[in-house]
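Structure record follows, encoded as structure tokens.
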Protein chains: 2
Amino acid sequence: MGSISRRSADVALRIFASGANLTPADQDLLARLTGEPQAFEAGSWIEPQTAPEERAWLVVSGWAAQARVLSDRRRQIGRLLLPGDVAGLSHLGGGARLGLLALTEVVVADFNLVRAAVEAGKSRGLARAWAELQRAEQAGALQQIMRLGRFTAFERTGDLLLELYERLVAAGLAHDRSMPMPLTQEVLADCLGLSIVHLNRMVQLLRRNQLIASEPRRISFLDLERLAEECHHPLSSEALAEAAPRSSFTGRAKVQNFAAGHISG
Amino acid sequence: MGSISRRSADVALRIFASGANLTPADQDLLARLTGEPQAFEAGSWIEPQTAPEERAWLVVSGWAAQARVLSDRRRQIGRLLLPGDVAGLSHLGGGARLGLLALTEVVVADFNLVRAAVEAGKSRGLARAWAELQRAEQAGALQQIMRLGRFTAFERTGDLLLELYERLVAAGLAHDRSMPMPLTQEVLADCLGLSIVHLNRMVQLLRRNQLIASEPRRISFLDLERLAEECHHPLSSEALAEAAPRSSFTGRAKVQNFAAGHISG
DNA sequence: CGTGGCTTTGATAGAACTCAAGGCTTGTGG
DNA sequence: CCACAAGCCTTGAGTTCTATCAAAGCCACG
């Protein structure tokens with residue numbers, strides 16, 4: 001949890017503000033209100049679900065998750081946070097509170113002052129950007145509900161991977177039908193409401209069906225369009241545009257797990 | 001879809017604004033911006049999921065649902081709307097769009113002007129009320145994700161019934177551990193991602209376990225606290241307070257379905 | 001009194017979970 | 001440089017949960 005150079009938050013701030021068209025003055029205000037970056041190691045809670053108040057955080061680098069753990073150790077991940085995402089847009093309160101968990105090594109910046117400024121109506125530009133984040137969070141939640149409610153395990157898995165790819169592309173962190181995948185299958189399973197074993201089998205099915213290929217910490221899509229169709233996932237145009245070069249992975253027979261494993265199928 | 005007396009929206013407006021502490025001026029603005037109440041019959045789409053733009057609606061009376069239907073007829077209900085709830089708080093756009101479906105006969109009022117006023121920053125009070133609605137919607141979505149992801153069919157069913165009871169109590173539409181239940185089991189199943197048959201069996205299980213009792217279009221809770229515990233549902237204090245009188249249903253052996261059926265235990 | 005919508009029941013099939021063990025990598029210490 | 005341990009992925013077998021299919025019952029309504 002050390003302190004990091006303040007500048008390291010710049011990239012994330014840029015991602016956060018992308019599409020919001022902030023004026024220079026707003027950008028400056030935003031930079032001043034953003035707290036010192038802090039690092040958390042993989043597996044640690046940035047904010048436990050029992051925290052007395054809900055703080056706002058900007059994810060600067062690394063992947064985090066908002067999660068709730070039941071007394072019998074069942075765990076549900078409500079939302080995955082990528083660099084540029086913000087946790088704690090609004091105080092949820094009550095029984096709905098989630099904890100914020102570092103899935104990889106994560107750097108976050110305190111965003112409470114930004115939230116306070118937005119709530120106090122200090123800046124129209126920031127308020128617009130904030131509203132856009134809330135919109136995206138709401139849309140993501142609905143997508144998650146659709147997945148969990150009526151999708152099969154196979155569809156859920158493909159749909160989530162596509163969502164992550166699209167979000168990473170939007171953040172400039174993926175391209176060419178390939179993306180980093182630092183998450184363990186346990187984490188993916190907890191997103192999708194599946195057991196680890198079953199999720200593993202779905203990933204293998206995706207591979208056997210020539211829909212994805214994976215290197216240790218990376219996943220490539222062999223047929224984005226077919227995967228999207230089979231998973232009822234409406235592909236964003238940006239994701240398709242980014243996919244043009246159709247990388248060399250297509251030819252390979254290398255079909256492996258994320259972080260280890262051998263050829264299977 | 002006829003037009004209804006303008007005054008009929010008053011109650012819903014009051015529910016909508018409850019807790020927001022609007023000034024008289026804001027209340028007046030709100031009333032002026034709220035459109036003519038319109039009636040829709042049960043089963044009709046107030047707004048199809050293919051609508052070109054997403055309009056904002058205040059539910060004045062009746063129950064509605066935001067739902068998405070897949071090409072193979074699978075249907076997922078993302079959110080149930082009770083009187084006083086608002087659909088279309090923000091433009092979601094993209095693939096996440098849901099339709100708005102009348103589950104009973106429903107009266108809605110056009111809320112687009114209110115949304116526009118909020119987005120234009122016309123009133124601090126209205127903006128606060130609007131933000132509170134967004135907060136509630138977000139919390140509801142997270143609850144739904146938790147339910148669908150990690151709860152068993154039994155827990156989902158009980159948890160949803162408790163949520164509905166709490167929301168109805170908050171809106172002044174239920175009390176004494178008893179609430180109206182105009183929804184068919186098909187609708188409940190589509191909320192919970194279950195088949196009709198299985199949902200029916202879960203309801204029967206709740207009855208057999210002496211947790212609920214039901215008359216034709218009404219459900220009573222025989223042991224709110226035990227149900228909440230078994231379903232991992234944190235009960236709101238208001239729901240418990242409303243429950244004090246422990247109505248006479250407790251003694252009855254009448255254990256029936258919602259709209260029809262016979263004794264089954 | 002027949003019809004349609006909803007609920008209930010039973011039987012069967014399929015999906016997903018659990019348990020248990022083994023394999024691949026990576027990192028660590030001798 | 002090798003042995004070992006820990007974490008993660010993979011596999012197989014058996015069980016539980018949930019869906020599907022089909023039919024029947026109940027109720028409201030015309």
Side-chain angles (χ1 to χ4, degrees), chain A residues 41-43 72-76 103-104 147-157 181-208 212-219 254-265, chain B residues 41-43 70 72-76 103-105 147-157 181-208 212-219 254-265:
Chain A
E41 61 184 24
D72 52 5
R73 316 227 351 240
R74 279 180 288 181
R75 181 175 74 166
Q76 176 64 41
L103 299 174
T104 66
R147 257 200 297 261
L148 295 173
R150 285 305 187 197
F151 280 9
T152 65
F154 180 82
E155 292 166 337
R156 287 185 213 182
T157 309
M181 174 41 66
L183 305 181
T184 66
Q185 296 193 354
E186 179 171 18
V187 168
L188 291 176
D190 284 338
C191 283
L192 297 175
L194 300 172
S195 68
I196 304 182
V197 172
H198 201 56
L199 175 86
N200 177 273
R201 292 186 166 123
M202 293 305 108
V203 171
Q204 291 176 54
L205 195 51
L206 284 169
R207 293 197 282 242
R208 226 173 308 135
I212 67 169
S214 53
E215 300 170 84
R217 309 196 135 257
R218 170 162 289 275
I219 288 185
K254 201 176 184 186
V255 173
Q256 295 195 336
N257 62 6
F258 300 158
H262 58 196
I263 298 181
S264 66
Chain B
E41 60 185 24
L70 296 180
D72 52 5
R73 315 226 351 239
R74 278 180 288 182
R75 182 175 73 168
Q76 176 64 42
L103 299 174
T104 65
E105 179 171 332
R147 257 201 298 261
L148 294 173
R150 285 304 187 198
F151 280 9
T152 65
F154 180 82
E155 292 165 338
R156 288 185 212 182
T157 309
M181 175 42 66
L183 305 180
T184 66
Q185 296 193 355
E186 180 171 17
V187 168
L188 291 176
D190 285 337
C191 282
L192 297 176
L194 300 172
S195 68
I196 304 181
V197 172
H198 200 58
L199 175 86
N200 177 274
R201 292 189 164 120
M202 293 305 106
V203 171
Q204 290 175 56
L205 195 51
L206 284 168
R207 293 198 282 241
R208 224 173 308 135
I212 68 169
S214 53
E215 300 170 85
R217 309 196 135 259
R218 171 161 290 276
I219 288 186
K254 201 175 182 185
V255 174
Q256 294 196 337
N257 61 7
F258 299 158
H262 57 196
I263 299 181
S264 68

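In what follows, chains carry the letters A, B, and so on, assigned in the order in which the sequence lines appear, proteins first and then strands, with residues in each chain numbered from 1.
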Between [N] ([atom2]) and [X] ([atom1]): distance, integer Å:
X        : N      : atom1 : atom2 : answer
B:Glu155 : D:dT16 : CD    : C1'   : 15 Å
A:Arg217 : D:dC9  : CZ    : P     : 9 Å
B:Gln185 : C:dT7  : CD    : C1'   : 6 Å
B:Leu206 : C:dT7  : CG    : P     : 15 Å
B:Leu205 : D:dT16 : CG    : P     : 16 Å
B:Arg208 : C:dT9  : CZ    : C1'   : 12 Å

Check: How far does OG1 of B:Thr157 sit from CZ of B:Arg147, to the nearest 0.5 angstrom?
Finding: 9.5 Å
Next item on the list: With rounding to the nearest 0.5 Å, note down the distance linking CG in A:Leu183 to CG in A:Leu103.
Entry: 6.0 Å
Note to self: One pair to check against side-chain contact (heavy atoms from CB on, under 4.5 Å): B:Phe151 and B:Leu192. What are the steps and the verdict?
What the structure shows: CA-CA 10 Å; B:Phe151 280 9; B:Leu192 297 176; over 6 Å; no
Next item on the list: Can you tell me which residue pairs pass the salt bridge (charged side-chain N to carboxylate O under 4.0 Å, His left out) test with a partner in residues 187-200 of chain B, sequence neighbours excluded?
Entry: A:Arg150-B:Asp190, B:Arg75-B:Asp190
Next item on the list: Give every residue pair that meets the salt bridge (charged side-chain N to carboxylate O under 4.0 Å, His left out) criterion with at least one member in residues 192-202 of chain B, sequence neighbours excluded.
Entry: none
Next item on the list: Compare side-chain N and O positions of B:Gln204 against OP1 and OP2 of C:dT9 and report whether any pair is under 4.0 Å apart.
Entry: yes
Next item on the list: Would you please confirm or rule out a distance under 4.0 Å between OP1 or OP2 of D:dC9 and any side-chain N or O of A:Asn200?
Entry: no
Notebook entry, point to check: Who are the side-chain hydrogen bond (donor to acceptor under 3.5 Å, both in side chains) partners of B:Ser195, not counting sequence neighbours?
Noted result: none
Check: Considering residues at least two apart in sequence or located in another chain, which fulfil the side-chain hydrogen bond (donor to acceptor under 3.5 Å, both in side chains) criterion with A:Arg156?
Finding: none
Under 3.5 Å, which N/O atoms of the protein pair with N/O atoms of nucleotides 17-22 of chain D?
unit_1 : atom_1 : unit_2   : atom_2 : d
D:dT18 : OP1    : B:Ala153 : N      : 3.3
D:dT18 : OP2    : B:His198 : NE2    : 3.4
D:dA19 : OP1    : B:Gly193 : O      : 3.4
D:dA19 : OP1    : B:Ser195 : N      : 3.2
D:dA19 : OP2    : B:Ser195 : N      : 3.1
D:dA19 : OP2    : B:Ser195 : OG     : 3.1

Margin query: So if I take the C1' atoms of five pairs at each end of the helix from C:dC1-D:dG30 to C:dG30-D:dC1 and get each local axis, what angle do the two axes make, rounded to 10 degrees?
Written below: 30°
Next item on the list: Locate the shortest heavy-atom distance separating B:Leu199 from B:Leu194; write the atom from each residue and the value.
Entry: CD1-CD1, 4.3 Å
Checklist line | Any B:Gln76 side-chain heavy atom under 4.5 Å of B:Leu148 side chain | finding: yes
